[in-house]
Number of protein chains: 2
Amino acid sequence: MSIQTRKERERAERERLIITAARELAESEGWDAVTTRRLAAEIEYSQPVLYSHFKGKDAIMAAVAVQGCAEMAAELRTARTAAKGARAALAAVGEAYTSFGRRRPALYDAMFTHAVDLPFATEEAPAPLKEAFGELLAAVAPIAAEGDDTGLLTETYWAGLHGLVTLMRSGRLPEGAHEQRLALLIGHFTATS
Amino acid sequence: MSIQTRKERERAERERLIITAARELAESEGWDAVTTRRLAAEIEYSQPVLYSHFKGKDAIMAAVAVQGCAEMAAELRTARTAAKGARAALAAVGEAYTSFGRRRPALYDAMFTHAVDLPFATEEAPAPLKEAFGELLAAVAPIAAEGDDTGLLTETYWAGLHGLVTLMRSGRLPEGAHEQRLALLIGHFTATS
DNA sequence: TCTTGTCCCTAGCAGTGCTAGCGAGGAGTC
DNA sequence: GACTCCTCGCTAGCACTGCTAGGGACAAGA
């Protein structure tokens, strides 16, 4: 019994190790550098071990993405609760969101551009995903107009932020004017339509 | 002299063939199916021939992207000029943009999500890119408020549309409510802040 | 002590993008 | 028309990818 639990504990520990290694490698050298061989070397096990923990590379990325969502949720919450007033909160969350996307591109990609086999807009989405969206929702809800569907409004705001981050990060929008674009987006969302 | 021009003509023809094959393959089976081997077989030449025309696979994708931009520009123009009034034009362009992204996912990805070395926000961007952006600009400019930077406003609107398309296409936003989200986005952009 | 079973590693598969170097055949020269 | 040269596309192969089959060591239980 005790041996069994020790083994399970060690196994869980190793799984955490894999996720951490994948994440650090991705953050320092990009996802292209995260190969199964490299990852295996990093955790000091052979490649097949990875597949005893995860279905494949995508599943590892998904696990990293979930971690990333938890962190983003925390950052969004901090920004939101520190702000005074509904408009300020919306702006702070927008700022925090885009800042996260720029500071942690690898994490952001895993969360919102790459991995796909995570259930997103459904009931059985992982808790951290719902948390992060919940933070956005909590910031958007107060500025919603009468009769607005706050869920849809949040999704739309999210899309705006996501578009800014991805287009900028891929070099399609110049970085310099980011603050102004963000201000425009927020301004139009706090205006009553 | 004549021989030379014939050769150049044939070469240009073959280059067009490559781009077309890449595009059709991508549109029917996705970019993952577009391998250099597959592409070479499609044009009935060997792989190295591809590299005498393009620097690499990315360059082929970039060429497809430029084609896609030209088509999108045309569709946006049609939508914009057919609409009566500034608000209607903005809505029509937004509709046309997202519709394009959903109807031609492979083309859209080449243009706006895949990392390409195309110069985007600079003077020497390929003409079709500037055309497509120009169409957005022409739709946004009439609804800009006093003192707004229409360029930045257009970029922000573009980001909103892009976010909607990508998040929806990757399964992160449910498809069903797309029209409502689009309406929300447009509504907030046509409102004076 | 011997058997059983778990777990991990070595080796390999079928692909990928890309490139070196050869050989055929057309172009230019006498 | 014959000869040289040189262009051009091919075959073959490199270094890499994600992933998997199979054996072999080591620990657990009888």
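Everything numeric in this text was worked out from a predicted model, so none of it was measured. Order of the sequence lines sets the chain letters (A, B, ...), proteins ahead of strands, with each chain counted from 1.
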Heavy atoms from C-beta onward define the side chain here; which of D/dC19, C/dC9, C/dC18 lies closest to that of A/Gln47?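 The closest nucleotide is D/dC19.
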Of the nucleotides D/dC10, C/dC9, C/dG17, which has the atom closest to the B/Ser46 side chain?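 Out of D/dC10, C/dC9, C/dG17, the nucleotide with an atom closest to B/Ser46's side chain is D/dC10.
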Classify the ring geometry of B/Phe189 against A/His188: parallel below 30°, tilted from 30° to 60°, perpendicular beyond 60°.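 It falls in the parallel class, under 30°.
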Report yes if some heavy atom in the side chain of B/Thr113 is under 4.5 Å from a heavy atom in the side chain of B/His162; otherwise report no.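 Heavy-atom side-chain distance check passes, below 4.5 Å.
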Identify, with sequence neighbours excluded, every residue that meets side-chain contact (heavy atoms from CB on, under 4.5 Å) alongside [X].
| X | result |
| --- | --- |
| B/Thr81 | B/Arg77 |
| B/Ser99 | B/Arg103 |
| A/Ser52 | A/Arg11, A/Arg14, A/Val49 |

Over how many whole Å does the gap from [X] atom [atom1] to [N] atom [atom2] extend?
| X | N | atom1 | atom2 | answer |
| --- | --- | --- | --- | --- |
| A/Glu10 | C/dC8 | CD | C1' | 14 Å |
| A/Glu15 | C/dC8 | CD | P | 13 Å |
| A/Glu44 | C/dC9 | CD | C1' | 15 Å |
| B/Leu25 | C/dT16 | CG | P | 11 Å |
| A/Arg11 | C/dC7 | CZ | C1' | 9 Å |
| B/Lys57 | C/dC18 | NZ | P | 8 Å |
| B/Met61 | C/dC18 | CE | P | 12 Å |

Does anything in residues 83-94 of chain B pair up under side-chain hydrogen bond (donor to acceptor under 3.5 Å, both in side chains), and if so which pairs, sequence neighbours excluded?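 side-chain hydrogen bond (donor to acceptor under 3.5 Å, both in side chains) check on residues 83-94 of chain B returns B/Arg87-B/Thr190.
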Matching residue for A/Phe112 among A/Phe133, A/Phe100, A/Trp158 - test: ring pair (Phe, Tyr, Trp, His ring centres under 6.0 Å):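 For A/Phe112, the ring pair (Phe, Tyr, Trp, His ring centres under 6.0 Å) check succeeds only for A/Trp158.
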With distance as the sole criterion, is a donor-acceptor pair present between the side chains of A/Tyr157 and A/Tyr97 under 3.5 Å?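 Result is no, nothing qualifies.
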Using heavy atoms and a sub-4.0 Å distance, could you list which residues of residues 28-39 of chain A are near DNA chain D? By number, please.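 Correct list: A/Val34, A/Thr35, A/Thr36, A/Arg37.
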Which parts of residues 48-56 of chain B get close to DNA chain D, meaning a heavy atom less than 4.0 angstrom away?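 Result for residues 48-56 of chain B: B/Pro48, B/Val49, sorted by number.
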Hey, does A/Arg14 reach any base, or is it just sugar-phosphate, or nothing, if we go heavy atoms under 4.0 Å?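 Here A/Arg14 touches the backbone only, sparing every base.
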Decide side chain to side chain donor-acceptor pair (under 3.5 Å) for A/Ser170 and A/Arg172; before the verdict, give the C-alpha distance in whole Å, the side-chain angles of both, and the deciding distance to 0.1 Å. CA-CA 6 Å; A/Ser170 68; A/Arg172 287 168 173 95; 2.8 Å; yes
